[in-house]
Enquirer: 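Structure below; questions to follow.
When reading the values below, keep in mind they use all heavy atoms of this one structure, side chains included, and skip hydrogens, waters and symmetry mates. One-based numbering along the sequence shown.
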Amino acid sequence: MTAVDTAATAEPGAASPSPFPPIAQYAFLSDCHTGALIAPDGSVDWLCVPSFDSPSVFGSLLDREAGMFRFAPYAIAHPTAREYRPGTNVLETTWRTQAGWLLVTDALVIGPRGTPDVVTPHTRPPADNDAAHLLVRTALCLKGEVELELVCEPVFDYGRNPAVWVMDPAEPSTATAGDGSRELRIRTDLPLGVEGNRVRARRVLRAGDRAYCVLSWAEAEAVPPDGEQAHAMIESTTEYWRTWLAGARVPDHRWREPLQRSALVIKGLTYMPTGATVAALTTSLPETPGGERNWDYRFTWMRDTTFTLKALHWLNLEWEAEEFMQFVADVEPTEDGSLQIMYGIDGRRELPESTRDELSGYDGARPVRIGNAAWEQRQNDVYGAVLASILLHTRHSRRLPRRLWPIVVSQAECATKVWQQPDQGIWEARGEPQHYVSSKLMCWVALDRAAQLADIRGDTAQAASWRDTAEQIRADILAHGVSERGVLRQHYGTDALDASTLLAALFGFLPPDDQRLRDTVEAIADELSENGFVLRYRTDQTDDGMSGKEGTFLICSFWLVSALAVVGEMGRARDMMERLLNIASPLGLYAEEFDVDAGRHLGNFPQAFSHLALIEAAGRIILSELLQEL
């Protein structure tokens, strides 16, 4: 076992334990409308209702007094085992107490669609199954006896408004709480009592005894009336996830399980009503421990479109790919015809950023941000991401939808206008605009893919014009974006390295045998890595408008795997892939970053683009291995 592997299994900050669980210890639940994070002690520490980007009702992830919901053995905080039911986002936790054993099962319920959804209305065609807007938790005493505890203490609006509970006089095990804008309802077969702003219950279960509780933000009649129906809802949700995963094309390979888990994460981060995918479930989990690099990632970034479409099509998830592509087609462009770098999951353009200074932040990392000011930034990579995704989708669907051609034209025209201008770059730097190589590279992608789409459409004159502009961009990058030693720069004014230049390999900007591409990949592997994991850039060499060091970026590390595969370094690619798979969370999840010194995950969690990049990197290696067998 290497030093990094050893560190990855250690508890961070053991010298001064934190009341906040390590990010990687959280379990992720989803109903494709919202998601929850459950701590090892059985507490729901993060849940926003009714949708991913709604204010939290349980926010202990960002402040230990901002709301929680625990359903677990009394006075026992450390479970014996936690695992997903295979092929699902349904969590099972096994507890051992002094007197017995308990199994708790948690699910955000998905089941057969009934009446139209009035909680989170759809703009996409509703599927056969949909969210019930319920969190169901069941308990089964396996052996001996266990004292089960329920504590539900929501605090609405990111910890601002404590719940006021009202007991149902006709149902001693039902209570409601609200803040005027949102109402929660809890039902259980345990007798409830109100203690201040929380409801609480305790009961001793003996071998074979069951208990349940349901938290609902739907209409009253949606709540199951008894434990039998609650159990049936979990079984229905299990069936949904397994049926969905059976439709994915996952090869019979030693990496089958991480590919399946990544597929389940991507689906779980998809907002079913519109087809959008959130970048992550959370806001303000720190990229620097205790620092200020804390961002809200509960939105859809246009730059993720290509990686999303690649992964979905590679997994044969054509319905999800079509839904996501239609979301892109629906979003409103800016005044100059360009698409923003990011949108709300309902397609809204404005995502104003504010801070919640009353919250402590995860383990003291402040400020806590709601919204993301980057929506107003100029980032010239967006055009290439969108047009590459349209070309991917067109090739897979074997047709160019009529409603997408105007987007092709507008984004190609925008890329033509702006490629010579500086921007904030792919990493949304809050320093001065620069001539970032990756931004110009993605403008090249925009015109190159637009030309290919014009060829498909039969518009040869337009294809020739766009191809000519693409060649101008390529010549400019090779003239000004390559250092004297033949390595792609971060931007035209520096020789500093940037992992985003690995996109030159992923998008075919240079052929695999080009020495400049190989030297760039080698330089990033050797000089922009810590213990084998890749940084975005070195913060002491880059004006990103922020202070403090950050961890290695997992998407960049997976990009390096893909780039090594492109240039033919398959042995190194496989070795690095195995190292990355070894640092997955205990439940197979990835955050945004990995701190190699402390062996911990950093940043928002779970992170979609980490899992998207995993799928692409694994796919490249698996394809190479299959071709060798021919």
Enquirer: Go through the steps for Asp41 and His78 under the test side chain to side chain contact (heavy atoms under 4.5 Å, CB included), then give the verdict.
Expert: CA-CA 6 Å; Asp41 70 353; His78 301 283; over 6 Å; no

Enquirer: Enter the distance from Leu148:CG to Ile76:CD1 here, rounded to the nearest 0.5 Å.
Expert: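 Going from CG on Leu148 over to CD1 on Ile76, the span is 12.5 Å.
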
Enquirer: Mind checking whether Val155 and Asn161 have side chains closer than 4.5 Å, heavy atoms only?
Expert: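 Of all side-chain heavy-atom pairs linking Asn161 with Val155, none is under 4.5 Å.
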
Enquirer: Go through the steps to decide whether Asp106 and Val136 satisfy the test side chain to side chain contact (heavy atoms under 4.5 Å, CB included), and finish with yes or no.
Expert: CA-CA 6 Å; Asp106 296 311; Val136 176; over 6 Å; no

Enquirer: Closer than 3.5 angstrom, by distance alone: can the side chain of Asn372 be matched with the main-chain N or O of Asp296 as a donor-acceptor pair?
Expert: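 A pair under 3.5 Å: yes.
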
Enquirer: Closest approach of Trp375 and Pro352, non-hydrogen atoms and distance?
Expert: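 Scanning both residues, the minimum pair turns out to be NE1-N, 3.8 Å.
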
Enquirer: Do we get Arg536 above Phe553's six-membered ring, with its NZ or CZ under 6.0 Å from the centre and within 45° of the axis?
Expert: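 Yes, Arg536 lies over the aromatic ring of Phe553.
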
Enquirer: Examine distances only and state if a side-chain atom of Glu593 and a backbone atom of Leu554 form a donor-acceptor pair shorter than 3.5 Å.
Expert: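 A pair under 3.5 Å: no.
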
Enquirer: Would a distance-only check, ignoring hydrogens and angles, find a side-chain to backbone donor-acceptor pair under 3.5 Å from Thr97 to Pro73?
Expert: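 Such a contact is absent between Thr97 side chain and Pro73 backbone.
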
Enquirer: Examine distances only and state if a side-chain atom of Asn294 and a backbone atom of Gly291 form a donor-acceptor pair shorter than 3.5 Å.
Expert: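 Judged by distance alone, yes, a pair lies under 3.5 Å.
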
Enquirer: Identify whether the distance between the nearest side-chain nitrogen and carboxylate oxygen of Arg124 and Asp330 falls below 4.0 Å.
Expert: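 Salt bridge flag = yes for Asp330 with Arg124.
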
Enquirer: Return the minimal non-hydrogen interatomic distance between Pro22 and Tyr362, and the atom names on each side.
Expert: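 Minimum heavy-atom contact is CA-OH, 3.5 Å.
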
Enquirer: So, the side chain of Ser173 versus the backbone of Leu190: is there a donor-acceptor pair under 3.5 Å, distance only?
Expert: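 The answer is yes, because a donor-acceptor pair under 3.5 Å joins these two groups.
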
Enquirer: Has Thr308 got a side-chain atom pairing as donor or acceptor with Asp304's backbone, closer than 3.5 angstrom?
Expert: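 Such a contact is found between Thr308 side chain and Asp304 backbone.
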
Enquirer: Would you call Asp157 and Arg356 a salt bridge, using N to O less than 4.0 angstrom?
Expert: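 Yes, this pair counts.
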
Enquirer: Please determine whether side chain to side chain donor-acceptor pair (under 3.5 Å) holds for the pair Trp244 and Glu320, giving the CA-CA distance in whole Å, both sets of side-chain angles, and the decisive distance to 0.1 Å.
Expert: CA-CA 11 Å; Trp244 176 84; Glu320 285 74 16; 2.8 Å; yes

Enquirer: If we ignore angles and hydrogens, is there a donor and acceptor under 3.5 Å between the side chains of Ser54 and Ser51?
Expert: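 The answer is yes; a qualifying pair exists.
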
Enquirer: Backbone N or O of Ala39 within a donor-acceptor pair of the Ser43 side chain at under 3.5 Å?
Expert: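 Here the side-chain-to-backbone pair does not exist.
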
Enquirer: For the atom pair OG1 (Thr138) and CE (Met233), what is the distance rounded to the nearest 0.5 Å?
Expert: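 It is 13.0 Å, given to the nearest 0.5 Å.
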
Enquirer: Could you check whether Arg202 pairs with Glu147 (Lys NZ or Arg NE/NH1/NH2 to Asp/Glu carboxylate O, under 4.0 Å)?
Expert: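 Salt bridge between Arg202 and Glu147, a charged N being under 4.0 Å from a carboxylate O: yes.
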
Enquirer: Kindly state whether the ring of Tyr590 and the ring of His611 have centres lying under 6.0 angstrom apart.
Expert: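 Yes, close enough.
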
Enquirer: Below 4.5 Å, heavy atoms only, C-beta onward: do Asp179 and Arg160 meet side chain to side chain?
Expert: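 The answer is no, as the side chains (C-beta and beyond) never meet within the 4.5 Å cut-off.
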
Enquirer: Can you list every pair that meets salt bridge (charged side-chain N to carboxylate O under 4.0 Å, His left out) and has a residue in residues 57-73, with sequence neighbours left out?
Expert: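 Output for this query lists Asp45-Arg64, Arg70-Glu149.
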
Enquirer: State, with a plain yes or no, whether a side-chain heavy atom of Arg303 is found less than 4.5 Å away from one of Val382.
Expert: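 They are not in side-chain contact.
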
Enquirer: Is it the case that the side chain of Tyr84 and the backbone of Phe28 share a donor-acceptor pair, with hydrogens and angles ignored and the cut-off at 3.5 Å?
Expert: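 Judged by distance alone, yes, a pair lies under 3.5 Å.
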
Enquirer: Can a donor-acceptor pair be found, under 3.5 Å and without considering hydrogens, that links the side chain of Thr300 to the backbone of Thr277?
Expert: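 Yes; at least one donor-acceptor contact below 3.5 Å.
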
Enquirer: Do the rings of Trp301 and Phe299 sit parallel, tilted or perpendicular, given the 30° and 60° boundaries?
Expert: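 Aromatic pair Trp301/Phe299 classed tilted.
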
Enquirer: Does a side-chain heavy-atom distance below 4.5 Å link Pro586 with Gln25?
Expert: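 The answer is yes, as the side chains (C-beta and beyond) meet within the 4.5 Å cut-off.
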
Enquirer: Of the non-hydrogen atoms in Ala230 and Tyr212, which two are nearest, and what is the gap between them?
Expert: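 The answer is CB-CD1, 3.6 Å.
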
Enquirer: Output yes when Arg242 and Glu239 qualify as a salt bridge under the 4.0 Å nitrogen-oxygen rule, no when they do not.
Expert: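 Looking at Arg242 and Glu239, the cut-off is not met.
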
Enquirer: Does the side chain of Ser284 come under 3.5 Å of the side chain of Arg369 through a donor N or O and an acceptor N or O?
Expert: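 There is no such pair (donor and acceptor under 3.5 Å, judged by atom type) between the side chains of Ser284 and Arg369.
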
Enquirer: Are Arg261 and Leu589 close enough that some pair of their side-chain heavy atoms sits under 4.5 Å apart?
Expert: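 Result yes, sub-4.5 Å side-chain heavy-atom pair found.
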
Enquirer: Over 60° means perpendicular and under 30° means parallel, so classify the ring planes of Tyr271 and His33, tilted if in between.
Expert: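 Rings of His33 and Tyr271: perpendicular, over 60°.
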
Enquirer: Looking at Thr34, is its backbone amide N or carbonyl O close enough to the side chain of Asp31 to form a donor-acceptor pair, meaning the two atoms are under 3.5 Å apart?
Expert: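 Looks like yes, one N/O pair under 3.5 Å.
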
Enquirer: Using side-chain heavy atoms (C-beta onward) and a distance below 4.5 Å, is Trp295 in contact with Leu285?
Expert: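 Side-chain contact under 4.5 Å: no.
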
Enquirer: State, with a plain yes or no, whether a side-chain heavy atom of Asn89 is found less than 4.5 Å away from one of Leu29.
Expert: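 When only atoms from C-beta onward are counted, Leu29 and Asn89 do not touch, as no gap falls below 4.5 Å.
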
Enquirer: Looking at every heavy atom in both Trp46 and Ser56, which two are closest together, and how far apart are they?
Expert: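 Closest approach of Trp46 to Ser56: CZ3-CB, 3.8 Å.
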
Enquirer: For residues His601 and Ile583, report the shortest heavy-atom separation together with the two atoms involved.
Expert: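 It is NE2-O, 2.7 Å.
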
Enquirer: Answer yes or no for Arg137 and Phe69: cation-pi contact, defined as NZ/CZ to six-membered ring centre under 6.0 Å and angle to ring axis within 45°.
Expert: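 Checked: cation-pi criterion met.
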
Enquirer: Which of these, Leu135, Leu215, Thr176, Leu47, sits in a side-chain contact (heavy atoms from CB on, under 4.5 Å) with Leu184?
Expert: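 With Leu184 as partner, side-chain contact (heavy atoms from CB on, under 4.5 Å) holds for just one option, Leu215.
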
Enquirer: Please give me the minimum heavy-atom distance between Leu264 and Gly87, naming the atom from each residue.
Expert: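 Heavy-atom minimum between the residues: CD1-C, 3.8 Å.
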
Enquirer: Quick one: are Leu281 and Asn604 in side-chain contact, heavy atoms under 4.5 Å?
Expert: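 No, every pair of side-chain atoms sits at 4.5 Å or beyond.
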
Enquirer: Return yes when atom CD of Glu235 has more than 12 non-hydrogen atoms of other residues, nucleotides or ligands closer than 6.0 Å, and no otherwise.
Expert: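 Counting other residues, nucleotides and ligands, CD of Glu235 exceeds 12 neighbours.
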
Enquirer: Check this for me: does any side-chain nitrogen of one of Arg348 and Glu350 sit under 4.0 Å from a carboxylate oxygen of the other?
Expert: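 Salt bridge between Arg348 and Glu350, a charged N being under 4.0 Å from a carboxylate O: no.
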
Enquirer: Given side chain to side chain donor-acceptor pair (under 3.5 Å), test Tyr297 with Glu592 step by step and report yes or no.
Expert: CA-CA 10 Å; Tyr297 273 15; Glu592 183 176 24; 2.8 Å; yes

Enquirer: Taking the six-membered ring of Phe156, is NZ or CZ of Arg182 closer than 6.0 Å to its centre and within 45° of its axis?
Expert: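 Verdict for Phe156: no cation-pi partner in Arg182.
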
